[in-house]
**Q** 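What follows is a structure written as structure tokens; I'll ask about it next.
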Amino acid sequence: METSLSDGKGNEYLHVLEFDKSTGVFSVWTEYTNHTKKTQILESLQSFSVSGIYRVSSEKITDAGLKLVRMTRPWSRECRLKTDEFCDLGLDMSWARYGVKCERFGEIGSMPNRGYFPFAAITDDESGFILAAMLEAPYSWQMEVYKEKETSAFSGGAADYEFGHWFKKIAPEESYRTDCAFLRVRYGTVNDVCNDFVRFQDLRLSVPKSEKDMPVLFNEYCTTWGVPSEKNITEILESIRGIPFGYFVIDAGWYKPEKCGWCNATGDWVQNRQLFPNGISEAVRKIREQGMQAGIWFEWEVAGRDSEAFRKKDMLLKRDGNILTTKSRRFFDLRKREVQEYLKEKVCDFLCENGFTYIKIDYNDTYGMGCDGAESLGEGGREVARESLRFLERLKESVPNIVIENCSSGGSRIEPKRMREVSMCSFSDAHECKEIPIVAANVSRVIPARQSQIWAVIRENDTIDRIVWSMTSAMFGRICVSGDVHKINSAQKAKIKEGIEFYNAVKDVIRYGDIAESECGITYFREPQGCQIYKKVSRDLNRMLILAHFFERPYTLCESDVVGYKLAAAYTSLDFDVNNGRLRLRPSGEYQSGAFLFERI
């Protein structure tokens with residue numbers, strides 16, 4: 001549906017609303033066209049705005065009892081639900097029906113998921129009514145709940161002049177279009193609307209053929225900790241022979257100069273010939289000989305302080321005429337042709353010359369409110385973010401069927417627009433900590449499972465309990481194994497293989513299933529007490545996967561309803577039984593877990 005609006009003076013707006021029948025998700029965006037005879041300045045243009053919101057379960061028009069549900073996103077705590085009543089946010093109406101109140105939130109900068117994920121829902125628990133929104137947000141964004149009288153309004157889109165230092169000049173006969181917002185209105189739960197959004201995102205994906213079967217990955221980062229070499233990669237390859245990995249990723253450090261560490265040497269991208277005396281292509285050859293695709297890590301948008309690129313002033317972003325510098329990074333101005341040519345040589349040509357068909361793109365700092373080079377700092381930042389996305393297209397042109405992994409200190413850029421252009425994301429920088437299953441369950445609400453890559457780090461002294469914990473923690477999405485695989489014994493290796501075999505048998509539920517239940521009362525992730533039971537059910541309801549994780553005692557939940565289903569397979573170190581439609585779990589110690597496949601009777 002297209003709606004045209006005009007003020008009669010040449011300022012025209014086109015509002016576009018599309019509906020996806022299979023998921024119930026609306027897509028909406030706005031386009032402004034300047035038909036006046038002078039340049040106009042936009043200080044705000046939101047992707048959506050919904051007004052007239054009230055609590056439908058009430059007999060009168062009121063928003064008393066409505067709640068705002070958001071997802072916070074600090075580092076290694078991605079997509080944690082946060083729920084506030086309207087009254088606690090100061091959104092209840094004043095006695096005189098005067099005085100605007102608003103709750104505005106979002107994120108400023110090029111790591112757009114660092115504070116909040118661009119999602120929010122307004123819920124009426126009594127009736128089950130939910131209005132939810134998710135934004136394409138490659139750069140600064142905002143959402144806002146506005147209240148003055150009995151009803152409220154809900155809007156969102158790119159950050160405006162007040163919130164994000166953005167304005168844009170529109171010359172006569174020029175247009176400007178917002179990114180998309182996605183809306184869902186229904187009765188149900190937050191998990192229900194998240195299932196709808198995730199299914200909608202999954203339908204928009206176009207990934208290489210190698211991704212169709214969701215191959216398990218190996219990434220050597222938690223094995224070598226930034227010092228990969230032909231020698232240790234050869235040792236790792238021999239140790240994982242016989243385990244069905246589809247990808248082998250060489251992570252950070254392959255470019256490490258001799259004079260300093262790898263962390264702040266990004267930007268020059270010269271392979272270290274002491275680590276790879278025969279060239280990195282020899283490591284690629286060995287990886288491919290073992291039936292895997294070879295991947296490699298880049299953080300190509302920045303220059304670390306120990307690199308030569310850090311001092312190439314004409315190639316770097318500036319703010320107020322000064323080079324934009326954070327603690328240890330500067331940022332390439334991706335709008336400049338010389339930068340684009342430099343990155344083509346250092347990234348695209350390098351991949352082609354050495355046989356890489358997988359790239360892990362990391363990004364570990366933000367340039368914040370924006371940069372010089374446009375009419376406002378915010379518009380400068382938006383332009384650079386746009387060029388970052390365009391470079392992904394250049395990668396695909398240079399290396400057909402390339403697999404692209406999106407990483408940004410874990411999940412700091414997992415918003416829908418970037419995720420549409422990539423195969424996978426790193427769900428978090430939670431490598432081998434206790435709380436991985438909690439974070440993974442939270443991320444599963446916003447990212448298709450086939451895109452959510454989760455660490456399963458194995459250590460030499462890991463017990464069978466711990467191996468099962470790591471493997472089942474990664475079954476919320478894509479399993480990425482790392483760690484001391486070259487030091488483990490045959491029993492440990494066999495347990496990893498068993499986990500992958502179980503995973504391969506339940507991939508259809510992981511990929512296509514809906515979250516039916518996610519019970520977790522844990523509030524403090526670092527010292528988690530209690531358990532989490534997560535249930536995913538196939539669309540036809542014929543298959544059900546339950547992932548159970550027991551943290552530190554006490555446990556208040558040790559069973560799950562499985563009426564109408566029979567146990568088909570299990571991968572667990574827990575003692576359990578299935579009787580009278582209940583799966584009963586009996587942990588004998590802390591940090592035990594299990595994955596259970598049920599089929600309809």
Side-chain angles (χ1 to χ4, degrees), residues 15 17 25-26 28-30 43-58 60-73 79-108 112-113 115-137 140-164 166 178-190 192-194 196-197 415-416 445-446:
H15 180 273
L17 183 70
V25 172
F26 291 91
V28 57
W29 67 89
T30 307
E43 292 188 357
S44 177
L45 188 64
Q46 298 301 284
S47 297
F48 81 94
S49 182
V50 179
S51 59
I53 300 168
Y54 64 95
R55 200 182 93 213
V56 298
S57 62
S58 174
K60 60 182 180 179
I61 297 177
T62 177
D63 54 18
L66 289 183
K67 295 178 180 178
L68 178 64
V69 181
R70 292 173 280 186
M71 294 182 181
T72 63
R73 195 269 167 234
C79 302
R80 183 172 183 166
L81 290 176
K82 171 181 169 61
T83 302
D84 297 286
E85 284 208 34
F86 271 34
C87 60
D88 292 333
L89 297 171
L91 293 174
D92 44 345
M93 188 179 68
S94 70
W95 64 273
R97 301 173 77 236
Y98 295 160
V100 169
K101 304 119 184 132
C102 95
E103 175 71 10
R104 181 185 291 182
F105 60 97
E107 188 62 31
I108 303 301
N113 308 140
Y116 283 99
F117 183 84
F119 165 93
I122 295 174
T123 66
D124 174 8
D125 289 349
E126 186 174 334
S127 68
F129 175 82
I130 300 178
L131 166 61
M134 186 180 289
L135 300 176
E136 288 185 336
S140 302
W141 62 273
Q142 66 186 43
M143 286 187 180
E144 180 178 294
V145 179
Y146 173 102
K147 176 66 183 292
E148 184 176 13
K149 297 181 170 61
E150 287 84 357
T151 63
S152 298
F154 180 31
S155 64
D160 62 18
Y161 189 32
E162 182 180 54
F163 189 74
W166 179 87
T178 68
D179 289 319
C180 282
F182 308 106
L183 305 178
R184 182 70 171 109
V185 182
R186 65 170 293 166
Y187 289 88
T189 67
V190 170
D192 291 332
V193 296
C194 288
D196 296 335
F197 281 142
E415 55 82 25
R445 292 190 176 97
V446 297

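Values below: every heavy atom of this structure, side chains too, minus hydrogens, waters and symmetry copies. Throughout, numbering of the chain's residues begins at 1 and tracks the sequence.
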**Q** Is it true that a side-chain atom of Gln142 and a backbone atom of Gly106 form a donor plus acceptor pair closer than 3.5 Å?
**A** no
**Q** Do the side chains of Arg70 and Glu103 get nearer than 4.5 Å, heavy atoms only?
**A** yes
**Q** What do the steps show when you test Met134 against Phe117 for side-chain contact (heavy atoms from CB on, under 4.5 Å), and what is the final call?
**A** CA-CA 9 Å; Met134 186 180 289; Phe117 183 84; 3.9 Å; yes
**Q** Any side-chain heavy atom of Val446 sitting closer than 4.5 Å to one from Phe197?
**A** no
**Q** If you take all heavy atoms of Glu107 and Phe163, which pair is closest and at what distance?
**A** N-CE2, 4.1 Å
**Q** May I ask you to check whether over 12 heavy atoms, not counting those of Tyr161, lie within 6.0 Å of atom OH?
**A** no
**Q** Please report the shortest heavy-atom distance between Tyr98 and Ser94, naming the atom on each side.
**A** O-OG, 2.7 Å
**Q** Atom CD in Glu148, atom SG in Cys102: separation rounded to 0.5 Å?
**A** 12.0 Å
**Q** Looking only at non-hydrogen atoms, find the nearest pair between Val28 and Ser47 and report the distance.
**A** CG2-O, 3.6 Å
**Q** Is there a donor-acceptor contact under 3.5 Å from the side chain of Lys101 to the main chain of Gly99?
**A** yes
**Q** What distance separates Gln46 CD from Asp179 CG, expressed to the nearest 0.5 Å?
**A** 11.5 Å
**Q** Would you name the heavy atoms of Met71 and Cys194 that are closest together and state the gap between them?
**A** CE-SG, 3.9 Å
**Q** Taking side chain to side chain contact (heavy atoms under 4.5 Å, CB included) as the criterion, tell me which of Thr62, Asp63, Ile61 meets it with Thr151.
**A** Ile61
**Q** Is the closest basic N to carboxylate O distance between Glu150 and Arg97 below 4.0 Å?
**A** yes
**Q** Please say which of Ile122, Val190, Ile130, Asp84 ends up in a side chain to side chain contact (heavy atoms under 4.5 Å, CB included) with Val69.
**A** Val190
**Q** Rounded to the nearest 0.5 Å, what separation is found between the CD atom of Glu136 and the OG1 atom of Thr178?
**A** 9.0 Å
**Q** For the residue pair Phe105 and Trp141, does the interplanar ring angle fall in the parallel (under 30°), tilted (30 to 60°) or perpendicular (over 60°) class?
**A** perpendicular
**Q** Flag the pair Leu68 / Val145 as yes when at least one side-chain heavy-atom distance between them is below 4.5 Å, and no otherwise.
**A** yes
**Q** Rounded to the nearest 0.5 Å, what separation is found between the CG atom of Leu135 and the CE atom of Met143?
**A** 3.5 Å
**Q** What are the two closest non-hydrogen atoms of Glu43 and Asp160, and how far apart are they?
**A** O-CB, 3.2 Å
**Q** Is there a salt bridge (charged side-chain N to carboxylate O under 4.0 Å, His left out) between Arg184 and Asp192? Walk through the geometry before answering.
**A** CA-CA 10 Å; Arg184 182 70 171 109; Asp192 291 332; over 6 Å; no
**Q** To the nearest 0.5 Å, what is the distance between CE (Met93) and OG (Ser152)?
**A** 10.5 Å
**Q** Output yes when a side-chain donor or acceptor of Ser57 lies under 3.5 Å from a complementary backbone atom of Asp125, and no otherwise.
**A** no
**Q** Distance from Leu66 atom CG to Phe129 atom CZ, nearest 0.5 Å?
**A** 9.0 Å
**Q** Phe154 and ring pair (Phe, Tyr, Trp, His ring centres under 6.0 Å): which partner among Tyr146, Phe48, Phe86?
**A** Phe48
**Q** Grab the two heavy atoms, one from Glu415 and one from Ala137, that are nearest each other, plus how far apart they are.
**A** OE1-N, 2.8 Å
